[in-house]
Amino acid sequence: MTRLIRLTSACVLASLAGPVGIAHGESTRWEDLKTEAGRLTKGLPENEEVGRSLLSHRLASQLSQFQKFLTDHPQSPNRWEARMTVMQIANSLAMLEEREPDIKSRQVELQSIADDNEAPDHIRADAGLVLLQIYSMDFDGKRDQPSAEKLAAEINRFLDTYPADPREPSLRLTEAQTLEAYHPERARTIYEEATKNPNPDIAEAAKEALALMELQENPLELSFTALNGQEVNLADLRGKVVLIDFWATWCPPCRVEVPALVTAYEKFHDQGFEIIGISLDRDRSALEKFLRENKMTWPQFFDGKGWENAIATRFKIQSAPTLWLLNRQGKLIDSAPRTRLDQAIAAALAQP
């Protein structure tokens with residue numbers, strides 16, 4: 001599923017300028033800032049701690065330079081881009097120093113830029129897109145109807161303002177995914193329209209989303225003999241909340257996910273929570289060794305076919321890890337609970 005891309009340090013660093021020397025005049029100073037772009041990470045030492053410290057110092061210096069530019073040239077035709085850059089630097093600096101960015105103040109500043117009719121259209125659109133990223137983060141954290149409807153409304157507001165924006169198809173998919181649980185017919189209509197998009201990636205993503213919506217309407221049917229010989233049938237697990245994990249030992253993000261899964265299993269198992277693993281591995285002995293070493297005691301389906309795994313193929317799994325959360329009735333209620341696993345499991349367990 002195409003998703004909104006959150007603001008990251010990587011995209012920030014690509015747009016920032018390095019330390020600048022003394023320059024005279026607004027245009028010259030601005031060109032100096034732009035010319036120095038890309039030098040931020042040059043010459044950093046290999047030692048990670050020293051490198052982070054130096055990068056933090058450069059970011060702080062750069063933040064000061066852009067803020068001074070705005071103070072000295074408040075009516076510069078580049079003032080909106082400079083304001084955007086100040087927010088980007090501050091965000092990158094907070095991430096580097098492992099601090100929470102001040103999202104609220106950025107939201108106010110971004111809205112001010114997005115609503116400013118004097119600002120260039122592309123800058124206003126960029127500000128609007130980052131606002132959508134913030135609303136998306138809020139929805140991902142809450143997964144409730146108010147946050148879903150807020151994000152959907154803001155997407156429509158953005159597209160009403162910029163109907164020719166090239167990101168329109170991706171944003172429509174995000175709107176549909178946001179509305180699946182609360183306005184399924186509206187979501188289905190958006191997906192069906194997207195299946196006709198000339199972009200094959202958009203069309204395929206919409207088809208996959210429609211297939212997932214079908215899985216949400218009826219209890220999932222799945223049975224197999226696990227790696228340890230255990231017979232597994234989802235029908236026997238009705239009344240429990242089940243997490244299906246499509247993963248592999250050769251997949252770095254999957255391996256990173258394991259401690260959180262083990263912790264969740266230990267925390268919620270006695271409350272009626274189960275995990276089922278669908279392994280995309282080919283090496284049985286390596287898989288069994290990994291399971292023992294990491295205390296992954298739940299059943300695993302393994303057929304040694306890797307990406308051609310029979311169950312993964314049946315459900316058209318395209319990436320790993322993929323986590324599906326089923327409610328007590330065996331229906332798929334969340335196809336992307338990774339970022340809020342404990343919260344999603346607890347909410348599912350709280351339902352009858």
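Because only heavy atoms are used, hydrogens play no part in the values below, and waters and symmetry mates are left out as well, while side chains stay in.
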Can you tell me if R157 uses its side chain to pair, donor with acceptor, with the backbone of A153 under 3.5 Å?
no

Polar contact flag, side-chain donor to acceptor under 3.5 angstrom, W247-Q300
yes

Under 4.0 Å between a side-chain nitrogen and a carboxylate oxygen: does that hold for E208 and K316?
no

Testing the 3.5 Å rule here: is there a donor-acceptor pair between the side chains of N309 and R282?
no

Does either side chain, that of Q111 or that of Q107, offer a donor lying less than 3.5 Å from an acceptor on the other one?
no

Applying side chain to side chain contact (heavy atoms under 4.5 Å, CB included) between P169 and each of T174, D201, N197, report the one that passes.
N197

Are D140 and T339 linked by a side-chain donor-acceptor pair shorter than 3.5 Å?
no

Residue pair N327 / Q351, side-chain donor-acceptor N/O under 3.5 Å:
no

Please report whether the ring centroid of Y265 lies less than 6.0 Å from that of H269.
yes

Over all atoms of both residues, closest heavy-atom pair of M296 and F290:
SD-CE2, 3.7 Å

May I ask you to check whether E180 and Y191 show a side-chain donor-acceptor distance below 3.5 Å?
yes

Is any side-chain heavy atom of R79 less than 4.5 Å from a side-chain heavy atom of E118?
yes

Cut-off 3.5 Å, side chains only: do E26 and S76 have a donor facing an acceptor?
yes

Cut-off 3.5 Å, side chains only: do E97 and S56 have a donor facing an acceptor?
yes

Passes salt bridge (Lys or Arg N to Asp or Glu O under 4.0 Å), D144 versus K142? Steps please.
CA-CA 5 Å; D144 59 13; K142 295 177 180 176; 5.6 Å; no

W298 and V232: same hydrophobic cluster, using ILVMFWY side-chain contacts below 4.5 Å?
no

Using the ring of each side chain (for Trp, its six-membered ring), is W30 parallel, tilted or perpendicular to F69, with breaks at 30° and 60°?
tilted

Non-hydrogen atoms of L326 and L332 that approach each other most closely
CD2-CA, 3.6 Å

pair L222-N233: side-chain heavy atoms closer than 4.5 Å
no

How about W80 and D116: does a side-chain donor come under 3.5 Å of a side-chain acceptor?
yes

Checking the side chain of R328 only, and the main-chain atoms of P352 only, is there a donor and an acceptor separated by less than 3.5 Å?
no

Under the 3.5 angstrom rule, does the side chain of R238 hit a backbone N or O of L234 as a donor-acceptor pair?
yes

Quick check, are the ring centers of Y162 and F158 under 6.0 angstrom apart?
yes

Output yes when a side-chain donor or acceptor of S112 lies under 3.5 Å from a complementary backbone atom of V108, and no otherwise.
no

Between D72 and K68, is there a side-chain N and carboxylate O pair less than 4.0 Å apart?
yes

